[in-house]
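Letters go in sequence order (proteins before strands), and every chain restarts at 1. Not measured: the values here are computed from a predicted model.
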Amino acid sequence: MKSKSFSQRCYDLLKKVPKGKITTYKLLAHALGTKAYRAVGNAMNKNPYPGICGVHKKEIPCHRVVKSNGEVGGFALGTKKKIALLGEEGIKIKNRKIENFEKFLHKF
DNA sequence: GCTTTGACACTAA
DNA sequence: CTTAGTGCCAAAG
């Protein structure tokens, strides 16, 4: 078996999130079988693909990862950019909070 | 191999 | 509601 790095697993799991849905660092980490909420974010920060998901395949929908309290969290290209991208997926943000957060929340 | 950093989570005040 | 403190884990220096 190929033991991929923790970050690699995060990306892979993240790619499983359907479009128009989001997940949280906590759920993501929990799905990986760990409590490394921060490590997940760390992996994204060092992000191999700062490009937004789209055209080609290797892009990672980093903008679909949000905080557990409903905030969008951070983003390498800027939180505003992240909000904009989420808006494109049909997710609205209100005062830095996601509307119907639980509704868009995808569980593994 | 220890120290520092960080796109977090949770609890207490 | 906000602020502060603690815990957690992985990657980089």
Side-chain angles (χ1 to χ4, degrees):
Chain A
M1 296 297 285
K2 312 272 184 194
S3 302
K4 294 182 174 180
S5 299
F6 177 83
S7 325
Q8 194 72 84
R9 276 189 292 174
C10 294
Y11 309 141
D12 189 59
L13 202 61
L14 188 50
K15 285 192 246 178
K16 294 180 187 172
V17 178
K19 186 177 185 208
K21 289 266 190 131
I22 54 177
T23 189
T24 72
Y25 298 100
K26 185 171 70 172
L27 265 95
L28 207 44
H30 185 70
L32 291 170
T34 179
K35 297 131 192 143
Y37 322 118
R38 302 189 107 180
V40 175
N42 252 75
M44 298 302 164
N45 186 9
K46 290 162 189 165
N47 187 334
Y49 299 104
I52 311 307
C53 69
V55 278
H56 288 261
K57 302 171 185 181
K58 303 188 136 205
E59 308 310 278
I60 302 157
C62 324
H63 61 272
R64 285 189 198 141
V65 188
V66 296
K67 301 211 300 187
S68 298
N69 70 331
E71 279 187 49
V72 290
F75 195 52
L77 305 180
T79 310
K80 296 169 98 162
K81 188 74 178 179
K82 185 168 180 177
I83 293 171
L85 287 165
L86 288 170
E88 301 259 319
E89 306 233 330
I91 300 168
K92 311 287 201 289
I93 282 76
K94 181 76 168 189
N95 193 22
R96 295 192 181 55
K97 298 285 193 195
I98 297 170
E99 295 194 352
N100 304 315
F101 167 60
E102 294 184 18
K103 187 174 187 163
F104 293 111
L105 186 58
H106 170 76
K107 296 170 197 165
F108 296 96

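- Comparing dA7(B), dA10(C), dA9(B) by their closest approach to the side chain of K82(A) singles out dA7(B).
- Taking atom CE of residue M44(A) and atom C1' of nucleotide dC9(C), one finds them 14 Å apart after rounding to whole Å.
- At a threshold of 4.5 Å between non-hydrogen side-chain atoms, the residues N69(A) and K97(A) count as touching.
- Within 4.0 Å of S7(A), counting heavy atoms only, lie sugar-phosphate atoms of the nucleic acid but no base atom.
- Atom pair N69(A):CG and dA7(B):P shows a separation of 15 Å (rounding to whole Å applied).
- Relative to the side chain of K35(A), the nucleotides dA7(B), dG7(C), dC9(C) differ in distance, and dC9(C) lies closest.
- Considering only side-chain N and O atoms, T34(A) lies nowhere under 4.0 angstrom from the phosphate OP1 or OP2 of dC9(C).
- Distance CG (L13(A)) to P (dA10(C)): 15 Å, rounded to an integer number of Å.
- Each of dC9(C), dA7(B), dA11(C) was ranked by its minimum atom distance to the side chain of S5(A); first place goes to dA11(C).
- Under the 4.5 Å side-chain contact rule for hydrophobic residues, Y25(A) and L105(A) do not share a cluster.
- Look at CD on E71(A): it is 12 Å from C1' on dA7(B), rounded to the nearest Å.
- Computed from coordinates, the L28(A) CG to dC8(C) P distance equals 20 Å when rounded to whole Å.
- The distance between atom NZ of K26(A) and atom P of dC10(B), rounded to the nearest whole Å, is 3 Å.
- Note on N42(A): every side-chain N or O is 4.0 Å or more away from OP1 and OP2 of dG6(B).
- Within 4.0 Å of A39(A), counting heavy atoms only, lies at least one base atom of the nucleic acid.
- Spacing between atom NZ of K67(A) and atom C1' of dA9(B) amounts to 9 Å, rounded to whole angstrom units.
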Derivation and outcome, side-chain contact (heavy atoms from CB on, under 4.5 Å), residues T23(A) and F108(A): CA-CA 9 Å; T23(A) 189; F108(A) 296 96; 3.6 Å; yes
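- Both Y37(A) and V40(A) lie near DNA chain B, and the one whose nearest nucleotide falls closer to the 5' end is V40(A).
- At whole-Å resolution of the value, CZ in R9(A) and C1' in dC9(C) are 12 Å apart.
- Side-chain atoms of Y25(A) and base atoms of dA7(B) include a donor and an acceptor less than 3.5 Å apart.
- Atom NZ of K107(A) is surrounded by 12 or fewer heavy atoms from other residues, nucleotides or ligands within 6.0 Å.
- The cluster map of Ile, Leu, Val, Met, Phe, Trp and Tyr, joined by side-chain heavy atoms under 4.5 Å apart, puts L13(A) and F6(A) in the same cluster.
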